[in-house]
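Notes for the one structure printed next.
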Amino acid sequence: MEDSRAPEIDVILPCLNEAGALPWVLSRMPSGFRPIVADNGSTDGSAIVAADHGATVVHVPQRGFGAACHAGLLAAKSAIVCVMDADASFDPRDLPIVADPVLAGDVDLMLGRRSVTGRGAWPIHARLGNKVLAAELRRRIGIRVTDLGPMRAARREELLALGMSDRRFGYPLEMVVKAARAGWQIAEADVPYHPRTGKSKVTGTVRGTMRTVRDMRRVLATVAAS
């Protein structure tokens with residue numbers, strides 16, 4: 001008899017000091033979505049909180065957002081994987097928005113385009129940085145995306161085959177650029193974006209945003225020149 005159960009999907013959650021957000025995030029994980037918390041050296045007990053709430057915990061000693069994402073990808077087992085922030089800026093119950101089109105075979109890489117739902121969810125300096133990068137993607141590579149959204153879904157083996165090498169904040173951009181170069185079908189869908197729990201290490205400050213933009217521009221220049 002054919003198994004009609006929906007396939008399980010691993011959800012990679014790069015994490016650095018998100019103990020305050022993890023209980024809410026992990027308690028709202030939809031059925032069939034398995035959280036993998038890639039702990040990037042947290043000092044607030046995030047790894048313990050994650051394990052207590054049923055998540056698989058991967059300890060990632062190499063610091064960097066990309067290092068955490070890639071370690072989670074290597075630990076994943078499912079055919080399709082999702083990635084999302086662990087800071088409660090996204091509701092895990094919205095994961096099917098990005099996962100379902102990939103499951104259906106309609107899209108190879110689905111990006112969650114942030115739809116802001118509260119004041120302070122996405123500071124103006126972070127939005128401007130995102131617009132700059134999206135414009136450069138269109139100009140250099142011809143990829144028509146509006147948001148390098150941190151919630152996304154794709155097939156695990158195909159992601160690994162892209163050979164992503166950045167281990168800092170350029171990792172999400174490198175994924176999009178290399179996927180486009182490989183001829184992937186890339187699409188966006190609106191996903192509600194909420195004020196995060198705690199202060200962001202990336203978009204919470206102008207300095208953090210500038211560092212992220214710098215990393216992504218470096219990756220874009222490298223890949224575009226190859």
Side-chain angles (χ1 to χ4, degrees), residues 8-40 42 46 49-50 53-58 65-66 68-70 72-73 76 78 80-103 107 109-124 126-127 129-130 133-134 145-154 156 159 169 171-173 175-176 186-204 208-209 212 216:
E8 292 190 320
I9 296 175
D10 289 327
V11 182
I12 301 161
L13 297 138
C15 173
L16 177 59
N17 293 330
E18 303 292 2
L22 283 171
W24 184 85
V25 171
L26 296 174
S27 69
R28 295 176 68 81
M29 200 65 57
S31 175
F33 288 79
R34 304 178 302 201
I36 298 176
V37 173
D39 188 70
N40 204 202
S42 297
S46 289
V49 172
H53 284 78
T56 297
V57 178
V58 178
F65 181 81
C69 285
H70 203 71
L73 180 60
S78 57
I80 291 173
V81 296
C82 293
V83 181
M84 64 173 281
D85 288 345
D87 59 9
S89 55
F90 289 107
D91 188 338
R93 293 183 182 180
D94 292 323
L95 281 166
I97 295 174
V98 296
D100 285 353
V102 180
L103 277 169
V107 176
L109 175 61
M110 193 68 179
L111 305 174
R113 182 172 50 217
R114 285 168 281 196
S115 177
V116 177
T117 61
R119 292 188 63 181
W122 199 6
I124 186 64
R127 295 192 202 195
N130 185 76
L133 290 166
V145 299
T146 58
D147 184 13
L148 297 169
M151 180 187 277
R152 50 185 62 188
R156 177 178 57 85
L159 279 177
F169 293 116
Y171 188 90
L173 176 64
M175 182 188 297
V176 174
I186 302 171
E188 296 177 302
D190 288 337
V191 178
Y193 192 60
H194 311 276
R196 59 156 288 147
T197 298
K199 187 175 182 180
S200 172
K201 276 75 71 177
V202 180
T203 61
T209 298
T212 302
M216 288 190 173

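We count residues from 1, following the sequence as given.
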Practice item. Using side-chain contact (heavy atoms from CB on, under 4.5 Å) as the criterion, list what pairs up with Val49, not counting sequence neighbours. Key: Ala19, Leu22, Pro23, His53

Practice item. Could you tell me which residues satisfy side chain to side chain donor-acceptor pair (under 3.5 Å) with Asp39, sequence neighbours excluded, listed by chain and number? Key: Ser42

Study note, to complete from the structure: Between the CG atom in Asp94 and the SG atom in Cys82, the distance rounded to the nearest 0.5 Å is 11.5 Å

Point to revise | From Asp87, Val11, Leu13, residue fulfilling side-chain contact (heavy atoms from CB on, under 4.5 Å) relative to Val25 | key: Leu13

**Study point:** Pairing residues for Arg113 by the salt bridge (Lys or Arg N to Asp or Glu O under 4.0 Å) criterion, not counting sequence neighbours
**Key:** Glu188, Asp190

Check your understanding: Can you list the residues that meet the side chain to side chain donor-acceptor pair (under 3.5 Å) rule with Asp100, with sequence neighbours excluded?
Key -> none

Revision key, fill the gap. In short, ring pair (Phe, Tyr, Trp, His ring centres under 6.0 Å) pairs touching residues 9-36 with sequence neighbours left out are none

Practice item. For residues Ala86 and Ala21, report the shortest heavy-atom separation together with the two atoms involved. Key: O-CB, 3.4 Å

Point to revise | Spacing of CE belonging to Met175 relative to CG belonging to Leu111, to within rounding of 0.5 Å | key: 9.0 Å

Review point. Is Met151 close to Ser89 at the side-chain level, that is, under 4.5 Å between some pair of heavy atoms?
Key: no

Revision key, fill the gap. For Arg28, the side chain to side chain donor-acceptor pair (under 3.5 Å) test, sequence neighbours excluded, returns Asp91

Exercise for review: With sequence neighbours left out, write down each residue that passes side chain to side chain donor-acceptor pair (under 3.5 Å) with Ser78, or none if nothing qualifies.
Suggested key: Asp10

